[in-house]
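Contents: one structure, followed by commentary.
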Amino acid sequence: MDARSDSAEEVVIVGAGPTGLTAALRLTQLGVPHVVLDAAATPTQTSNAALVHASTLELLAELGAADQLIEAGGKVVRIVMVDRGRVLARIGLTGVPSRHPFALSVPQSTTEQVLLRRLGASVRRDHRVTAVREDGDGYLVTGTAGSPVGPVPFEVRARYVIGADGSNSVVRSAAGLDFPGETYPSQFVLADAELAGRPFADDEATINLSAQGVTVIGRLPGGTHRIIATVAPGFDVPRAPGRAYMDALLSERGIDVRLAAVPVWSSRFRVHHRVADRFRVGGVFLAGDAAHVHSPAAGQGMNTGIADAYDLSTRLAAVLNGLAAEPVLDGYETERRAAALEVLRFTDRMTKLATLNGPVTRTARRVAVGTGSRIGPLRHQVTMWITGLKRSPLRSDLPLVTPRRAEPTREESR
């Protein structure tokens, strides 16, 4: 069967997660023709990245998507650090310099739904990209699309390509870019589950430290809680940890709470910290997990990807709309790769601090955290990092672009 040839687009976005959808929404807002291709047959169905920072809400407000997301989520205004029942620090978020002085607890599936509704245009689902190559003045993106008779080839031409296709990015491989970094020795377990009673305030998240590892617990919309815990190397962890396993883990760590039912969703995973050698090769760009992955500490991953997408799409629109010259695109790699490296260093320090397990180092950690939380300037810097406000793309020197808003026209369709 011959390849299906589509009309040329200004931009092809590979990946319809939060990063790719943000890029699409920003390009739509600025009047730039584009297409979104995604290998999955359906949008994300699980909670995955479930924390949206204040800085991200600022960006989504510019795209008209923040209010709906806030309505669907739960506000987190306080982070409490505890060591075997002893409170070491309380970090309040209500004083941050933002219109949204809180973090938002909301499943990634909901975030994608809100972005899709705002976008209006359809995503080409079940379109698996297999290659990206130069084609004249632009690029030819090829792959296979699902159909009633089986996979059929497709091709799309574009002037620019955005790889927002995750840590195993096909676009990154096609650009010949390495993804150097390391994998943490600890395992991580995750469970979304209803907890017995009301063990925590709805508007706070707790970081529980112990000799066995760190356990983070926060409320999700709908009455469930997100539990993320580190497990030392060498311990056997089920692929999908169940109620008995999670109850035993919480008990061993001195956390006086139990699951009220089997987890709605659970998983085990390993965490990598990697940054691509470059974020741009000619007209091919990387964003989100395709460009950088790191520890889930402070929920930086998805938020950094959304910031990538906003920055890159603004630059591309400025060039394509004739408001800036091509060199403005160089600034994307310069600024966003530096941001990714800084996020990686921050999350790496937090992860190593949280996973200390020797009696001497744990005592030093208790003293350091307790003392540091009482020093105003230090506490402010930590808060700005946690909320993502230490650096905001809205304050960058991007060329000013007058938005040409495109109102949603229809729900996402196959």
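Shown here for Arg253 and Gly213, the closest heavy-atom pair between the two residues is NH1-C, 3.5 Å. Pairing each heavy atom of Ala16 with each of Asp38, the nearest pair is N-OD1, 2.7 Å. The shortest non-hydrogen separation linking Ser167 to Val293 is CB-CG1, 3.8 Å. The minimum heavy-atom distance linking Pro18 with Gln108 is given by the pair CD-NE2, 3.5 Å. Between Arg270 and Pro185, the shortest heavy-atom contact is NH2-O, 3.4 Å.
At least one donor-acceptor pair closer than 3.5 Å links the side chain of Asn321 to the backbone N or O of Leu30. Looking only at distances, a side-chain donor or acceptor of Gln29 sits under 3.5 Å from a matching main-chain atom of Glu62. The closest donor-acceptor contact from the side chain of Glu10 to the backbone of His34 lies at 3.5 Å or more, if one exists at all. Side chain of Asn303 to main chain of Leu51: a donor-acceptor pair is present (N/O by atom type, distance under 3.5 Å, no hydrogens or angles). When atom types are taken as modelled, the side chain of Arg226 and the backbone of Ala49 share no donor-acceptor pair closer than 3.5 angstrom.
For the 3.5 Å distance criterion, the side chains of Ser105 and Arg219 fail to qualify, holding no donor opposite an acceptor. With hydrogens and angles left out, the side-chain atoms of Arg125 and Thr42 include no donor and acceptor closer than 3.5 Å. Checking Gln187 against Thr230 by side-chain atom types alone, no donor-acceptor pair falls below 3.5 Å.
Exactly one residue among Leu21, Leu63, Leu25, Thr28 makes a side chain to side chain contact (heavy atoms under 4.5 Å, CB included) with Arg118. That residue is Leu25.
We find that Arg336 and Glu342 are not joined by a salt bridge, their nearest charged nitrogen and carboxylate oxygen being 4.0 Å or further apart. Under 4.0 Å is where a charged nitrogen must lie from a carboxylate oxygen, and between Arg117 and Glu112 no such pair does. A salt bridge links Arg280 to Asp330: one of the charged nitrogens lies within less than 4.0 Å of a carboxylate oxygen.
For the pair Arg26 and Tyr310, the cation-pi criterion (under 6.0 Å, within 45° of the ring axis) is fulfilled. For the pair Arg159 and Tyr139, the NZ or CZ position fails the cation-pi test of under 6.0 Å to the six-membered ring centre and within 45 degrees of the ring normal.
Taking the six-membered ring for Trp and thresholds of 30 and 60 degrees, Phe102 and His100 have ring planes more than 60 degrees apart, a perpendicular arrangement. Classification of the Phe269-Phe188 ring pair by plane angle, with boundaries at 30° and 60°, yields parallel.
In summary, the aromatic rings of Tyr184 and His273 are positioned with their centroids under 6.0 Å apart.
The neighbour count for Arg128 CZ, taken as heavy atoms of other residues, nucleotides or ligands under 6.0 Å away, does not exceed 12. Around CD of Glu326, the count of heavy atoms belonging to other residues, nucleotides or ligands within 6.0 Å exceeds 12. The number of heavy-atom neighbours closer than 6.0 Å to CZ of Phe235, taken from other residues, nucleotides and ligands shown, is 12 or below.
Considering only heavy atoms from C-beta on, Arg78 stays 4.5 Å or farther from Leu93 through its side chain. Between Leu259 and Leu250, the closest side-chain pair of non-hydrogen atoms falls below 4.5 Å.
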